[in-house]
**Q** 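Dropping the structure in here first, questions after.
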Amino acid sequence: MTIFLYLRSQNDNTKVMEILIRNKVIEAIKILYGQDVDEKQVQVQTTRKEFTGDKTLVVFPFLRLSKKSPGQTAEDIGTYLVNSIGVISGFNIVNGFLNLVIDNSYWMAQLGNAANDEKYGFRTSTDDSELVMIEYSSPNTNKPLHLGHIRNNLLGYSISEIMKANGNKVVNTNIVNDRGIHICKSMLAWKKLGNDETPESTGKKGDHLVGEYYVKFDQLYKTEIAELVAQGMSEDEAKDKAPIINEAREMLRQWEANDPETRDLWKRMNNWVYTGFAETYKTLGVDFDKIYYESNTYTIGRDEVLRGVKEGIFEQMDDNSVWADLGKDGLDRKILLRSDGTSVYMTQDIGTAKIRYADFPINHMVYVVGNEQIYHFQVLSLLLDKLGYKWGKDLYHFSYGMVELPQGRMKSREGTVVDADDLVADMIDVARKVSEELGKLDGYSDQEKEKIYHTVALGALKYFILKVDPKKTMLFNPEESIDFNGNTGPFIQYTYARIQSVLRKATDAGIVITQQVPAIVMNDKESALIKILSNFPDVVKEAGLNHSPALVANFVYELAKEFNQFYHDITIMNEPDEQVRIFRLLLAKTIGQTIKNGFSLLGIEVPERM
RNA sequence: GGCCCCAUAGUUAAAUGGAUAGAAUGGAGGAUUCCGGUUCCUUUGAUCUGGGUUCGAAUCCCGGUGGGGUCACCA
C-alpha cells in the first residue's frame, strides 16, 4: 500500500496521514469541481471521540467552490478519498464534518513503528542541527532556592529535553548572580553579626546560612530607616542615608577594586552557597553544561557600555553615570553604569550575552526567566542590537508566571518563602506515608525504598508544576499538599509500574514478547490506545515549537488514563489466545515505554514498583 | 498614569477559528470472582461584561470590569 512506503521514506513521520489526506483533498477538488484550493483551507484534524471516525475534514471552506450543500460536498470528497487512499475504509458525515475511518491495518503498522523504536517520537541531532542555548535557574548567591526557582528549574530542564528530542543540540547554561550590592548585604551582616559562624560550626546548609544573614541585613536596615524617620528625615532620604546601606555600597566598591579582604570573604561565603546549591540541584535532577558567573562577565559588559559611550550610542552624564535613551523605541531611559562606576544588572547581562556568543555557535538563545523581567529583556535585546550584534533581536525570553501562596507573593527578605529543600523533604514524607500504607515495597531495602519515595515525590511535584501553562500565575497551597490521585505524576507513575508488573509476570511465565506485531483482529479498546499512542511524535514536535512541557504532560496523562480503562476492562495474562496475549503485552510494553519517554521530557523518572 | 500579561465548573486546569466547551479534584451514587483498589463507571457544575469580524468565536479585533507585573544609581 502506498501509505506504508510513504511512511518509511519519511524520517519525520508526524502528521503523515493528515498531509496525505490534505493532498488528496486538493486533488479531489480539482477533479470534482475544477477549482484550485489553498492548502490552508484544508483542515484535517483528529476526530473528536464522541463521533465515529479517525480523521475529520471540515468541508465549509469548500462550499463556494463546489456550489453544493455541505452534505453533498462531503459525500463527493469522501467517496473520492475512499477510492484513492487504500487505508481509508469508510466515512460518515455530520453537520458538514467529513469523518474518515482509517483501517486497522494502518494502526497495526503504527504500533509496529512505536514498538520497534526505543526512542519513538524523538529525533536525534545531526551535524547541521541547530544549537540552542538555554539559560535557566540563575540564582543569586545571597539566599537559598525557593518555590519560584523550582518552577524555573523544572521549566528550563524540561524545555531543554524537549528541544533535544526535536533534534536540536542543546547547551544548558546557568548564570550565577554572584556579585552586586545584594551579595554585599549578606556579607556585611555576617561580618557584623556572624561570630565566625560557618556551615560546619552550625550544621546548616551553606545557602541557608547565608540567606539568614541577608534577612538580618534587611532587619538592621529597616531599624535604621525607622530611627532616621523618627528624627524627622523623609522616608526616601532615610533609605539613602542609613549608615548600613552606605557600608554595603562601600563594600561593593571595595569588591570592584579587588580589595583582598573583601574578595576573600566573598569567595568563602559564595563557596558555602555553591555547596548548598549543588545539593538542591542534585535532588531536583537538573544540571548544566556551562556555568557563567557574573563576577567574570560584568567587566566585559562594562567595556561594551564604555564602547557604546565612545561610539555615541549611550550618553555619559556629568556625574559619570551612563544611560541609554530608548525614548525613540517607546521605552524609558535606562541606567547602565552608576555614577561611582559600578555595574548594574543590565551591564552584566550585556557582557554575559557577548561572551556566550563568542563561546558557542548559538542559533537560538532562550532565557528562562520570570515574567516580571519582560521589560528587562526587551531592553537587553534592544541594547545588544544597538551595540551592533545582529543576534540581539533574536533573544527569546521564555517568561513564566509567579508562584503565589494563599497569603500572596513570596518575599525572601521577609522570610515568607517556601524553601525548595523543605518542600522536597515534605513531599518525600508524604510519598513514604502513602507507600507504607500500601505495602507494595515490603522486602525492599531501606535504600531502595528511599529511592522510590524520592522518585514519586519529585514526580508529584514536577508534574504538578509542569502541567500548568507557564504563562499563568500559579497558586501553591502548602497546607493542601500535592495530590497523588487523578491528573498527577504518581497516577501516571503507578500506571507505568503496573505495566511493568504485568510484563514481569509474563516473563516469569516464560512468554517471549516479540517485536513483530502479531496479526490479530483488534478490539476497540486496543485500537483506541494505538491511536492515542501514535500522536506522540506530533506532541513532541508541537511541544518543541511552543516551548510547552504542558502539552507533553497532557498527552501522557491521556495515554495513562486510556490504558487504565483498557486494563480495567480487558485481561492480558488471562487471555486464552496466545497471539492476542502477546499482542496485548506488546501494546502494554510500548505504552510503558512511551510513558517513560514522555516523562523523561518532563524530567520525571518512572519506578518499576511503587 | 504609560506599557505588558492574565480571566473557563467550588478548586486546579484543557481546547492550530470548527461539532453537544474535554478533564481532574470535591460532593452524590455505583462496579470490580481482577494481571497491583493510587483502578473503573454514572451523576453534579463553567467560557468576567458589551459590541464587532466570520458560514462558525473560549479563541481574533475594539470598549469596559477585575487581578497581576513593570516603568530603581535593586537583581
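Labels below follow one simple rule: chain letters A, B, ... track the order of the sequence lines, proteins then strands, and each chain is numbered from 1.
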**Q** Heavy atoms under 4.0 Å, any strand shown: does A/Ala497 hit a base, just sugar-phosphate, or nothing?
**A** base
**Q** Please check if the side chain of A/Glu542 supplies one atom and the backbone of A/Leu551 the other of a donor-acceptor pair under 3.5 Å.
**A** no
**Q** Which residue pairs pass the salt bridge (Lys or Arg N to Asp or Glu O under 4.0 Å) test with at least one member in residues 568-583 of chain A, sequence neighbours excluded?
**A** A/Lys525-A/Asp569, A/Glu575-A/Arg584
**Q** So what does A/Asn99 touch, heavy atoms closer than 4.0 Å: a base, only the sugar-phosphate, or nothing?
**A** base
**Q** Using the test ring pair (Phe, Tyr, Trp, His ring centres under 6.0 Å), find all partners of A/Tyr453 that sit at least two apart in sequence or belong to another chain.
**A** none
**Q** Does A/Arg179 count as lying over the ring of A/Tyr298, i.e. NZ or CZ under 6.0 Å from the six-ring centre, within 45 degrees of the axis?
**A** yes
**Q** Any side-chain N or O of A/Arg179 below 4.0 angstrom from OP1/OP2 of B/C74?
**A** no
**Q** Could I get a table of every N or O pair under 3.5 Å where one atom is in the protein and the other is in nucleotides 20-25 of chain B?
**A**
residue	atom	partner	partner atom	Å
B/A24	O2'	A/Asn487	N	3.1

**Q** What side-chain donor-acceptor pairs closer than 3.5 Å can you find for residues 368-378 of chain A, not counting sequence neighbours?
**A**
residue	atom	partner	partner atom	Å
A/Gln373	OE1	A/Tyr345	OH	2.5
A/Tyr375	OH	A/Asp332	N	3.2
A/His376	NE2	A/Asp349	OD2	2.9

**Q** Show me, range against range, the stems involving RNA chain B, built from at least 3 consecutive Watson-Crick or G-U pairs below 3.5 Å.
**A** B:1-7 with B:65-71, B:10-12 with B:23-25, B:26-31 with B:39-44, B:48-52 with B:60-64
**Q** Tabulate atom names and distances for all N/O pairs under 3.5 angstrom spanning the protein and nucleotides 65-67 of chain B.
**A**
none

**Q** The criterion is side chain to side chain contact (heavy atoms under 4.5 Å, CB included); which residues satisfy it with A/Leu65, sequence neighbours excluded?
**A** A/Ile29, A/Gln35, A/Val37
**Q** Extract from the structure each pairing of a protein N or O with an N or O of nucleotides 56-60 of chain B at less than 3.5 Å, listing the distance.
**A**
none

**Q** Sequence neighbours excluded and cut-off under 3.5 Å, please list the side-chain donor-acceptor pairs for residues 464-472 of chain A, or say none.
**A**
residue	atom	partner	partner atom	Å
A/Lys467	NZ	A/Asn487	O	3.2
A/Asp469	OD1	A/Lys471	N	3.0

**Q** How would you list, by chain and number, every residue that makes a side chain to side chain contact (heavy atoms under 4.5 Å, CB included) with A/Gln500, sequence neighbours excluded?
**A** A/Tyr496, A/Leu503, A/Arg504, A/Glu608
**Q** Kindly state which residues belonging to residues 369-379 of chain A come within less than 4.0 angstrom of RNA chain B, counting heavy atoms of the residue only, listed by number.
**A** A/Asn371, A/Glu372, A/Gln373, A/Tyr375
**Q** Only counting residues at least two apart or in another chain, list the ones meeting ring pair (Phe, Tyr, Trp, His ring centres under 6.0 Å) with A/Phe217.
**A** A/Tyr221
